[in-house]
Amino acid sequence: MAAALLANTLYSLGFVLEKRALTSLPEVSIRQPARLLRLVLGSPLWIGGSLALAAGFAAQLVVYRTLPIAAAQGIFVSGLVLLVLLSARLLGEETSGRERYALGAILLALLMVVLSLREGSDTVSQDAPYPLILLVCVPSLAAGVWLYASAERRTRNRHRRPTTGVEYGVAVGLLYGVSSLAIKGVSSRLTTHGIGGAVLDLLSSPYPYLLLFTGVFGLVMSQAALQRCRASLIVPVCTTVTSLFTAVLGTLSFGEALPDEPLRLALLVAGTALAVAVLLTMPKHDTAPQPSPPAKELASP
């Protein structure tokens, strides 16, 4: 539980720092990935956000070795409360009354998920058939890339209303859902005794290659989307898709059992469903004013 809450904090802080860094950079595009990487790697603030996300990744590995996938995803969704608060404080992003009610509902969902857990009573699977993992992940990756490209084409329409980033969030969420399954797989490979054996076992699995693909494409896609849209809206959508994808397909792929007690099962399912349902009602068009980047002083002639 402590590792999950730490991962939430690190992920939220990392996204906010990256968003703040991106607001001061020139416009980036997935059509120029080398330029995008050059710009972000030249920003100390962005690097700090990336280090926070990397630390969150390490904490997530611990979570997947101690909690079932469905329970872990329910807790990860709760980190969106902290993200929205940090976005308002550090980025000046305004939230509507509807969004504040959503935060209260997510807090209730967190309480329900926490009450459903009982230490030592849930099954934590350590393996999944590789063909099944590829069958789930490869079409999902293709769908995510296609959906993102479609959103890019629609965004280039000058007469289109400002987007909240729902399309971008769903696309990147699919990639991060695959990444989450790969993290779960990597955590299971690390149980091999001996460093050499663990490395060989890991390289013979599809997980490091899935992580490499989602890491590269997810980085480029998420940064371009994060620069265009409010972090307080695009990240919740992305996290919702990731959590739903991982909780449903991950639990089935790794053969993990849900709680067998009716009350605990109801709390877990209802809590996760409530968080997902609230986030899926986010508006597709942005009506909130975007915070303006600080004006640069003009050089004297």
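If you take CE on M221 and CG on L219, they are separated by 11.0 Å, rounding to the nearest 0.5 Å. Rounded to the nearest 0.5 Å, atoms CG (L83) and OG1 (T239) are 7.0 Å apart. In this structure, CG on L267 lies 5.5 Å from CE on M112, to the nearest 0.5 angstrom. With values rounded to the nearest 0.5 angstrom, L226 atom CG is found 10.0 Å from C238 atom SG. Remark: F245 CZ to S140 OG distance equals 3.5 Å, nearest 0.5 Å.
Taking all atoms of both residues into account, the shortest heavy-atom contact from P44 to G42 is CD-O, 3.5 Å. Closest approach of K19 to C229, counting heavy atoms only: NZ-O, 2.8 Å. The nearest pair of heavy atoms linking L274 to A105 is CD2-O, 3.6 Å. Here the closest non-hydrogen pair linking A171 and L147 is N-CD2, 3.8 Å. Considering every non-hydrogen atom in both L134 and P139, the closest pair reads O-CD, 3.8 Å. When every heavy atom of L210 is checked against every heavy atom of C137, the shortest pair comes out as CD1-SG, 4.0 Å.
Residues meeting the side chain to side chain contact (heavy atoms under 4.5 Å, CB included) test with R35, sequence neighbours left out: P26, Q32, R38, L39. By the ring pair (Phe, Tyr, Trp, His ring centres under 6.0 Å) test, Y209 is found to be paired with no residue, residues two or more places apart in sequence or in another chain being considered. Every side chain to side chain donor-acceptor pair (under 3.5 Å) that Y176 has, sequence neighbours left out, goes to S222. With sequence neighbours excluded, the residues satisfying side chain to side chain contact (heavy atoms under 4.5 Å, CB included) with L17 are L13, L45. The side chain to side chain donor-acceptor pair (under 3.5 Å) search around S150 returns R153, not counting sequence neighbours. Applying the side chain to side chain contact (heavy atoms under 4.5 Å, CB included) criterion to P129, with sequence neighbours excluded, gives P131, L132. With sequence neighbours excluded, the residues forming a side chain to side chain contact (heavy atoms under 4.5 Å, CB included) with L86 are S12, V16, L82, L90, listed by chain and number. Legend: residues meeting side chain to side chain donor-acceptor pair (under 3.5 Å) with Y148, ordered by chain and number and at least two apart, are absent. Y207 pairs by the ring pair (Phe, Tyr, Trp, His ring centres under 6.0 Å) definition with Y130, not counting sequence neighbours.
Linking ILVMFWY residues whenever their side-chain heavy atoms come closer than 4.5 Å, directly or via other members, leaves L10 and L91 in distinct clusters. Residues L6 and F15 are members of separate hydrophobic clusters, defined by side-chain heavy-atom contacts under 4.5 angstrom among Ile, Leu, Val, Met, Phe, Trp and Tyr. If you chain together hydrophobic residues whose side chains sit under 4.5 Å apart, I133 and L249 fall into the same group. L135 and V145 fall into different hydrophobic clusters, where Ile, Leu, Val, Met, Phe, Trp and Tyr residues are linked whenever their side-chain heavy atoms come under 4.5 Å apart, directly or through other members. Side-chain heavy atoms closer than 4.5 Å link hydrophobic residues (I, L, V, M, F, W, Y) into clusters, and following such links, possibly through other members, connects W146 to L141.
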Side-chain donor-acceptor pairs of residues 46-57 under 3.5 Å, sequence neighbours excluded:
residue: W46; atom: NE1; partner: Q223; partner atom: OE1; Å: 2.8
residue: S50; atom: OG; partner: E18; partner atom: OE2; Å: 3.0
residue: S50; atom: OG; partner: W46; partner atom: O; Å: 3.2

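Sorted by first and then second residue, the ring pair (Phe, Tyr, Trp, His ring centres under 6.0 Å) pairs with a member in residues 212-243 read F213-F217; sequence neighbours excluded.
Between E167 and E152 there is no side-chain heavy-atom pair separated by less than 4.5 Å.
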| query | Between L175 and V178, does a side-chain contact (heavy atoms from CB on, under 4.5 Å) hold up when you go through it step by step? | reply | CA-CA 5 Å; L175 264 71; V178 171; 5.9 Å; no
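Q227 places a side-chain N or O within 3.5 Å of a backbone atom of V28 that can act as its donor or acceptor partner. Side chain of S43 to backbone of V40: no donor-acceptor contact under 3.5 angstrom is found. Counting only distance, with no hydrogens or angles, the side chain of K184 and the backbone of F254 share no donor-acceptor pair below 3.5 Å. Checking side-chain atoms of S179 against main-chain N and O of T214 turns up no donor-acceptor pair under 3.5 Å.
Taking Ile, Leu, Val, Met, Phe, Trp and Tyr as members and joining any whose side-chain heavy atoms lie under 4.5 Å apart, directly or through other members, V62 forms no hydrophobic cluster with any other residue.
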